[in-house]
Amino acid sequence: MTAKWVGRVRGMIHERPELTVPLTAAPRFPFVVSAGPLRSRLGALIGRHGLRPILVTDIHRRLFDVLPQHGEQALAELALDHVRLAVPTGRRETYDEVEIEAKAGSRRDVARIARLLRARFGLRLSPASKFARGLALLDG
């Protein structure tokens, strides 16, 4: 389970803090956040209430390390995502997305990799995150 906070978007760079905690099984709803780091960060917002989904994001992800021309340490991680969004009203959206996340590389390295991918494969920038696209689907 991942909680994400407000971040910022500058051109093709999306930055936001997040906290991911592994679950031992698929969640049941209403979902009660157990004691631990996620509960300590969300407890004031949710109290003792259980969480119910407003958006289901199903992602099939393939990961690749992006290596420098001469070197072994990955500059970034490239994710090829097949995304399926669904909301309680029954609306659905499916799309594919490429994400690049810095590892040993800098923000400049990530931007350069993104520019190369855009030029080579005709990719388009998306200012919207998966969550933002899901909220747009929810609002119709």
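Quick note: residue numbers are just sequence positions, from 1.
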To the nearest 0.5 angstrom, please state how far the CZ atom of Arg112 sits from the CZ atom of Arg107.
15.5 Å
Are Ile54 and Ile46 connected into the same hydrophobic cluster when the rule is that any two of I, L, V, M, F, W, Y join if their side-chain heavy atoms are below 4.5 Å apart?
no
Please evaluate residues Leu78 and Leu117 with respect to the criterion side-chain contact (heavy atoms from CB on, under 4.5 Å), reporting the C-alpha separation (whole Å), side-chain torsions for both, the decisive distance (0.1 Å), and the verdict.
CA-CA 11 Å; Leu78 181 121; Leu117 288 171; 3.4 Å; yes
For Phe31, does the six-membered ring have the charged nitrogen or CZ of Arg52 within the cation-pi criterion, i.e. under 6.0 angstrom from the centroid and within 45° of the normal?
no
Give a yes or no on this: more than 12 heavy atoms of other residues, nucleotides or ligands lie within 6.0 Å of atom CD of Gln73.
no
Does the pair Lys130/Asp81 count as a salt bridge with the N-to-O cut at 4.0 Å?
yes
Is there a path of hydrophobic side-chain contacts, each under 4.5 Å between heavy atoms, that joins Val21 and Leu42?
yes
I would like to know whether Val98 and Leu123 meet side-chain contact (heavy atoms from CB on, under 4.5 Å); could you show each step before the answer?
CA-CA 9 Å; Val98 176; Leu123 303 177; 4.1 Å; yes
Nearest atoms (heavy-atom pairs only) where Leu55 meets Leu135:
CD2-N, 4.5 Å
Check the surroundings of atom CZ in Arg92: do more than 12 heavy atoms from other residues, nucleotides or ligands lie under 6.0 Å from it?
no
Tell me, yes or no, whether the heavy-atom count around Glu72 atom CD, taken from other residues, nucleotides or ligands under 6.0 Å, exceeds 12.
no
Between Arg39 and Ser34, which heavy-atom pair has the shortest distance, and what is it?
CB-O, 3.1 Å
For side-chain contact (heavy atoms from CB on, under 4.5 Å), just list the numbers for Leu125 and Arg118, CA-CA rounded to whole Å, side-chain angles, deciding distance to a tenth of an Å, and then say yes or no.
CA-CA 8 Å; Leu125 294 178; Arg118 286 180 62 213; 3.7 Å; yes
For Leu80 and Phe64, the nearest pair of non-hydrogen atoms, with its separation, is CD1-CE1, 3.6 Å
Can you tell me how far apart CD (Glu77) and CD (Glu101) are? Round to the nearest 0.5 Å.
6.0 Å
For Ser126 versus Arg133, what's the shortest heavy-atom pair and its separation?
OG-NH1, 4.4 Å
Locate the shortest heavy-atom distance separating Gly7 from Arg16; write the atom from each residue and the value.
CA-CB, 3.7 Å
To the nearest 0.5 Å, how far apart are NE2 in His82 and NE2 in His60?
9.0 Å
Are Tyr95 and Leu137 connected, step by step, through hydrophobic side chains (Ile, Leu, Val, Met, Phe, Trp, Tyr) whose heavy atoms are closer than 4.5 Å?
yes
Checking His49 against Val32 for the side-chain contact (heavy atoms from CB on, under 4.5 Å) test, could you report, in this order, the C-alpha distance in whole Å, the side-chain angles of both residues, the deciding distance, and whether it holds?
CA-CA 7 Å; His49 300 285; Val32 177; over 6 Å; no
So do Pro30 and Leu51 actually touch side chain to side chain, heavy atoms under 4.5 Å?
no
Worked check of salt bridge (charged side-chain N to carboxylate O under 4.0 Å, His left out) between Glu93 and Arg84:
CA-CA 6 Å; Glu93 181 181 349; Arg84 289 187 300 266; over 6 Å; no
Taking side chain as C-beta onward, heavy atoms only, is Lys103 less than 4.5 Å from Leu75?
no
Would a hydrophobic clustering, with Ile, Leu, Val, Met, Phe, Trp and Tyr connected at side-chain separations under 4.5 Å, put Phe121 with Leu63?
no
Co-membership, hydrophobic cluster, residues Leu23 and Leu38, 4.5 Å side-chain
yes
Are any of the side-chain heavy atoms of Glu99 and Arg61 separated by less than 4.5 Å?
yes
Closest approach of Pro53 and Pro88, non-hydrogen atoms and distance?
O-CG, 4.1 Å
Student check: side-chain heavy atoms of Ile59 and Thr57 closer than 4.5 Å:
yes
